[in-house]
Amino acid sequence: MKKSLSITPDLFAGEFQDPWIDTIADDAVVLRHFALEREETLLAAIAGIAEKAPFRNMRTPGGHTMSVAMTCCGEWGWVTDTSGYRYQHSDPGSGQPWPAMPKVFRDLAREAATGAGYPGFEPDACLINRYQPGAKMGLHQDKDEKDFTQPIVSVSLGVPATFQLGGARRRDRPVNTTLTSGDVVVWGRSARMSYHGVLRLKPGQHPLTGELRYNLTFRRAR
Ligand code: SIN
Ligand code: FE2
């Protein structure tokens with residue numbers, strides 16, 4: 001379903017303004033191209049964060065090394081190692097606090113949440129995922145947060161990927177949608193505990209990221 005995101009009605013009936021909203025499931029939307037004009041600024045901010053807190057491939061509690069490289073910014077960073085998944089204030093690599101969340105990140109997350117019907121979203125955690133060709137994220141729930149009334153705001157940058165959104169049970173059949181650079185997925189309420197993942201990244205090229213895809217996941221952890 002396609003709906004104009006603009007507050008003012010479309011000037012021409014039947015035409016949609018950019019950005020626009022795609023509803024992919026109950027309480028789950030993609031704000032198409034929402035972050036497109038901020039691509040360069042966001043990527044520069046990611047590079048700045050990665051200088052202080054480099055991307056790394058973390059281990060799962062099961063002992064697998066994740067194909068997606070990660071770093072974090074904000075008050076809380078999501079980490080995983082053989083002792084489990086958790087949020088913590090400091091980068092386990094350096095022992096230093098995670099870099100602060102840039103204003104461009106916070107503003108984008110708040111604006112996207114508002115556009116999707118969640119005014120007042122104040123993320124305290126941003127996970128930054130970096131996918132190289134072949135990297136994937138298996139179906140999982142985001143459930144290490146305290147307050148499930150807060151939505152998830154997920155920003156795609158770079159090479160396109162196929163995002164899967166299922167239901168509250170692992171066996172619920174997921175819907176697939178292609179996310180291109182600047183797309184923002186927001187899910188909450190009845191979809192907050194939905195399983196989701198990203199299919200293996202296909203080789204591709206993006207003018208600003210080369211063969212890579214980045215994803216920013218904003219959450220209220222505490
Ligand atoms: C995630 O669920 O943590 C990542 C989603 C994405 O990369 O689009
Ligand atoms: Fe997730």
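Counting convention: from 1, in listed order, for ligands and their atoms alike.
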Checklist outcome for this item: ligand 1 atoms nearer than 4.0 angstrom to some heavy atom of Arg213 are 6 (C), 7 (O), 8 (O)
Checklist entry - For atom 7 (O) of ligand 1, what is the nearest protein heavy atom, given as residue, atom name and distance? => result Tyr131 OH, 2.5 Å
Checklist entry - Roughly how far, to the nearest 0.5 Å, is the OH atom of Tyr85 from the CG atom of Asp144? => result 8.0 Å
Checklist entry - Does an N or O from His196, backbone or side chain, lie closer than 3.5 Å to an N or O of ligand 1? => result yes
Next on the checklist: Does either side chain, that of Glu145 or that of Tyr87, offer a donor lying less than 3.5 Å from an acceptor on the other one?
Outcome noted: yes
Item to check | Element-labelled atoms of ligand 1 that are located less than 4.0 Å from some non-hydrogen atom of His140 | outcome: 1 (C), 2 (O), 3 (O)
Checklist outcome for this item: CG (Asn129) and OG (Ser156) are apart, to the nearest 0.5 Å, by 10.0 Å
Checklist entry - What do you reckon, does Ser156 have a nitrogen or oxygen under 3.5 Å from a nitrogen or oxygen of ligand 1? => result no
Next on the checklist: Less than 6.0 angstrom separating the ring centers of Trp76 and His89, yes or no?
Outcome noted: yes
Item to check | Phe218 vs Val155 side-chain heavy atoms within contact, under 4.5 Å | outcome: yes
Item to check | Numbered atoms and elements of ligand 1 in range of Asn129, under 4.0 angstrom, heavy atoms | outcome: 3 (O), 4 (C)
Checklist entry - Any side-chain donor paired with an acceptor under 3.5 Å for Arg130 and Thr209? => result no
Item to check | Angular separation of OD1 (Asp142) and NE2 (His196) seen from the Fe ion (ligand 2), to 10° | outcome: 90°
Item to check | Close-contact set for ligand 1 against Val198 heavy atoms, below 4.0 Å | outcome: 5 (C), 6 (C), 7 (O), 8 (O)
